[in-house]
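Before any comments, here is the structure.
Remember, predicted model here, so these are calculated numbers, not experimental data. Note that ligands are numbered from 1 as they come in the structure, with each ligand's atoms numbered from 1 the same way. Below, all heavy atoms of this structure are taken into account, side chains as well, without hydrogens, waters or symmetry copies.
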Amino acid sequence: MPVSAQGTPIDRFSLPDDRGHFGPYGGMYVPETLMTALYELQDAYQEAKEDPLFAQELKRHLKEYAGRPTELFYARNLSEQLGGAKIYLKREDLLHTGAHKINNCLGQVLLARRMGKNRVIAETGAGQHGVATASVCAKFGLRCVIYMGAVDMERQALNVFRMRLCGAEVRAVEAGQKTLKEAINEAMRDWVTNVRDTHYILGSALGSHPYPMMVRDFHRVIGQETRRQIMEYENSLPDEMVACVGGGSNAIGFFWDFLEEDSVQLVGVEAGGCGPGPGRHAARFMGGRVGVLHGCKTWILQDPDGQIEPTHSVSAGLDYAAIGPEHAYYHDCGRIRFAHATDGEALEAFQKLSSTEGIIPALESSHALAYAIKRAPQMSSDQILCLNLSGRGDKDVDQAERILSSK
Ligand SMILES: *Cc1c(COP(=O)(O)O)cnc(C)c1O
C-alpha cells in the first residue's frame, strides 16, 4: 500500500472527504450562490451511485454509443524498434467523438436527466469537450450551450461547426485572453443564473467538489478494463503506466484502480511547451505553487502576486494553469510521479507512432508517448509499460502539417 509523505497508508476510497478535500487540496471555493447547486449535484450523484439501474444504463450507453470496451493494443513494432519494455496502448482514441471525454459526458448527461434538468452548458478549449457534450445532448434531446473563447473559436473553427451541426449554441467569450480560463468563468456565471433548469458538464477532474470525484469515477472504466485486459494477455500487472495530464481526467481514470499496487509505477506527463520559464509551458509541477482557481485548491501556474500566468502548449487539451486536486495530492505523497514533454518531443512522438503502427495520436496523448519512447529502452524486455492513448490525432493533422512543413 502506498504511504503519504507522513508515512500513513493511502486508502483511495476515503478520498475525497465529504467536503471534497484530497488532503490539503480540492474543496469548494465558490461564491455562496453556487453552493446550493453544488450540494444538489452532490446529493443527486450520491443517489445515482447507489442505484444499480444508473450503472446499468451508463454501461449500456458506453457500449452502444461510445464503443466500449476499447482494446488494449500491443504496439509490437514500436516496442521492438525501441528495444525494451513491451508497450501496450489503451485505445481511448477509438471512442465516439475521438477521445476519452465521452465517458464523462455520458455519465453527466444521464445525471442531468435524472435531476430533471433540460438544459446543459459546458466550457471548451480546443473544442473536444464541447463536441462530446453537444453529441450527448443531441442524443438525449437536451438544449446545449457551449462557452468558448473567441480566440479558440477561430483556431478550432471545425469543432465549432461540429458542435453547431449537433444542435448546440456556441457562445464566444471575449474577456481576457479569450481562451479556456475565461470560458469556464462564463459557464460558471451562466450556471449561477440558470441553475434551476441547467446542469453544467465540466470537462475534466477539476473545479469545485463534487466534480473532481465525479469526473474521475466516470473515467475509472479505463483503468478497470486495462486491468482485466493486461491480466488476460500477460497474466501480470503492468510495471509502469503513463498518461498525459491536462486537468487530469484521463490519467486519474487510468491510474485509479492501480493506486494501491505498489509494484506499478504511475507517471503523469505534463506539457513542457517550449521549455522552462513563465508563459512558456503548462507543467504545473515545474514552476507552479499552491493556490485557488475555478473553485479548487491545487498546484497552479501563477505570478508572485497570485495572478494566473499565461500558459503554452502545442496541444490545446493540456494548456491549462491548474492541475486536478487528486493529482496534486498523489504528487505530494510521491505515489504518482510527474514528468513533462516539450512541444518538439510530442511532435516527434506523433510522427513516430503514425509511422510505426499506423495510429495517429492526439497531440495531448503524444506527450505521454514522448515519455514512453525515452523510458521503454531503459526497461527490460520482460517488463510491461501501459500507455493511455487518450485521443486520436485527426483534429491535429492541420496544425502538425503547418508546423512540420515550416521547419
Ligand atoms: C482534453 C484532452 C486531454 C486532457 O484532459 P485530461 O482531463 O487531462 O484528460 C488529453 N487528451 C485528449 C485527447 C483530450 O482531448
* To do: Any pair with a residue in residues 333-358 that passes ring-ring contact (aromatic ring centres under 6.0 Å, His included), sequence neighbours left out, goes on the list, sorted by first then second residue, please.
  => Phe285-Phe338, His327-Phe338, His331-Phe338
* To do: List for me each residue that meets salt bridge (Lys or Arg N to Asp or Glu O under 4.0 Å) alongside Arg228, sequence neighbours excluded, and say none if there are none.
  => none
* Just jot down the salt bridge (Lys or Arg N to Asp or Glu O under 4.0 Å) partners of Glu357, sequence neighbours excluded, or say none. => none
* Check the side chains of Gln108 and Tyr200 for a donor-acceptor pair under 3.5 angstrom, ignoring hydrogens and angles. => no
* Asked: Do you see a donor-acceptor pair shorter than 3.5 Å between the side chains of Lys395 and Gln156?
  -> no
* Asked: Between His100 and Thr70, is any pair of side-chain heavy atoms under 4.5 Å apart?
  -> no
* Tell me, which residues have any heavy atom less than 4.0 Å from some atom of ligand 1? -> Ala99, His100, Lys101, Gln128, Ser204, Cys244, Val245, Gly246, Gly247, Gly248, Ser249, Asn250, Gly317, Ala362, Glu364, Ser390, Gly391
